[in-house]
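Position 1 is the first residue of the sequence; numbering continues from there.
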Amino acid sequence: MAMNAARRIPPKDGDTNMNRATATTLLAASICAALAGCGTSEPAATPTVEPSVTTAAPASPSPTSDPQRDPARQAIDAYLVTQRAFVAASRAGDPNFPALTERTAGQALKLLQGALTTMQEQGLRGRGETLFHPAVDSMQPAQQPTKIRVRDCMDTRDSSRYKADGSAFNDAPGGFRLVLADLEITSGTWKVTGLAIHKVGSCKP
């Protein structure tokens, strides 16, 4: 989806843990392998899947929160909630993991569920740590936005995939990957509706 009126949101006091959050995820190696390549354009491009980590991100706002109250913070929270939910689903080997729909919808949800299905069929799971550096890239409109884009430089150097049955699997090395996530207000809360994770080397932290 197109985004106009790009605006950088400077970090506020207390935002350091959020904007440099260590989060559990599987968003970087498996979708690439499963769906034949990483995205090279705007969300709706093919993301990749990468493994797990603990999260230092603040708890997500309640679904009943006013989506116009500090929308930049809520969008970043929603992005990180999506990452955590995908990790839990990957660990459980469940493409229909209930928490995945909490902050994910549309193209992004279909893409992640497709990746989980492929991982399940291949007997793959994820492990290791992924570091996130999310920031709001643009808001539309600038005042009282209904669409927000989050840009991230995801560090997957310390994550990998493995075979759940213990058999050998040689995963490709990780690195720094550009992530673009489009968010919209859905059912009164911010949700990730478009997602693209680009190839290793596509960004610098």
Side-chain angles (χ1 to χ4, degrees), residues 17-18 20-39 43 45-57 59-60 76-105 107-134 150 152-181 191-192 194-203 205:
N17 286 341
M18 176 176 64
R20 300 187 63 85
T22 303
T24 308
T25 189
L26 282 176
L27 278 175
S30 175
I31 299 183
C32 247
L35 302 182
C38 297
T46 306
T48 51
V49 183
E50 242 1 283
S52 57
V53 196
T54 55
T55 177
S60 62
I76 289 176
D77 284 343
Y79 167 75
L80 292 173
V81 167
T82 290
Q83 298 280 31
R84 291 195 295 266
F86 185 64
V87 154
S90 300
R91 288 176 170 174
D94 183 6
N96 298 309
F97 198 73
L100 195 62
T101 60
E102 180 184 347
R103 291 302 179 94
T104 317
Q107 174 267 349
L109 180 59
K110 290 180 180 179
L111 193 61
L112 297 184
Q113 288 178 328
L116 289 166
T117 298
T118 299
M119 288 185 68
Q120 183 184 62
E121 292 171 349
Q122 295 177 344
L124 294 174
R125 298 291 185 270
R127 60 187 171 195
E129 295 190 11
T130 299
L131 188 66
F132 296 94
H133 308 82
V150 169
D152 186 13
C153 189
M154 183 171 65
D155 181 359
T156 65
R157 292 174 298 175
D158 294 328
S159 60
S160 63
R161 296 173 300 161
Y162 71 100
K163 282 281 190 179
D165 63 5
S167 59
F169 179 75
N170 186 20
D171 199 10
F176 293 105
R177 300 175 183 264
L178 172 65
V179 182
L180 297 175
K191 290 192 177 185
V192 178
L195 188 64
I197 300 180
H198 296 249
K199 64 183 181 180
V200 169
S202 53
C203 68

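- For the atom pair CZ of Arg125 and CZ of Arg91, the computed distance is 12.0 Å after rounding to the nearest 0.5 Å.
- Nearest heavy atoms, Ala85 versus Phe97: O-CD2, 4.0 Å.
- Of the listed residues (Ile76, Asp152, Val150), just one forms a side-chain contact (heavy atoms from CB on, under 4.5 Å) with Phe132, and that residue is Asp152.
- With hydrogens and angles ignored, the 3.5 Å screen pairs no side-chain donor or acceptor of His198 with any backbone N or O of Leu178.
- Interatomic distance, Arg84 CZ to Leu80 CG, rounded to the nearest 0.5 Å: 6.0 Å.
- One N or O on the side chain of Gln107 and one on the backbone of Leu195 form a donor-acceptor pair closer than 3.5 Å.
- Considering CG of Leu111 and CZ of Phe86, their distance stands at 8.5 Å, rounded to 0.5 Å.
- Remark: Lys110 NZ is loosely packed, at most 12 non-hydrogen atoms of other residues, nucleotides or ligands lying under 6.0 Å away.
- Of the possible polar contacts, none joining the Thr104 side chain to the Leu109 backbone as a donor-acceptor pair under 3.5 Å is found.
- Atom CG of residue Asp155 and atom CZ of residue Arg157 lie 4.0 Å apart, to the nearest 0.5 angstrom.
- Between the side chain of Lys191 and the backbone N or O of Thr82, no donor-acceptor pair lies under 3.5 Å.
- Put simply, CG on Asn96 and OG1 on Thr101 are 10.0 Å apart, with the number rounded to the nearest 0.5 Å.
- The distance from the CG atom of Asn170 to the CZ atom of Arg161 is 10.0 Å, given to the nearest 0.5 Å.
- With hydrogens and angles disregarded, a donor-acceptor distance shorter than 3.5 Å links the side chain of Thr156 to the backbone of Gly175.
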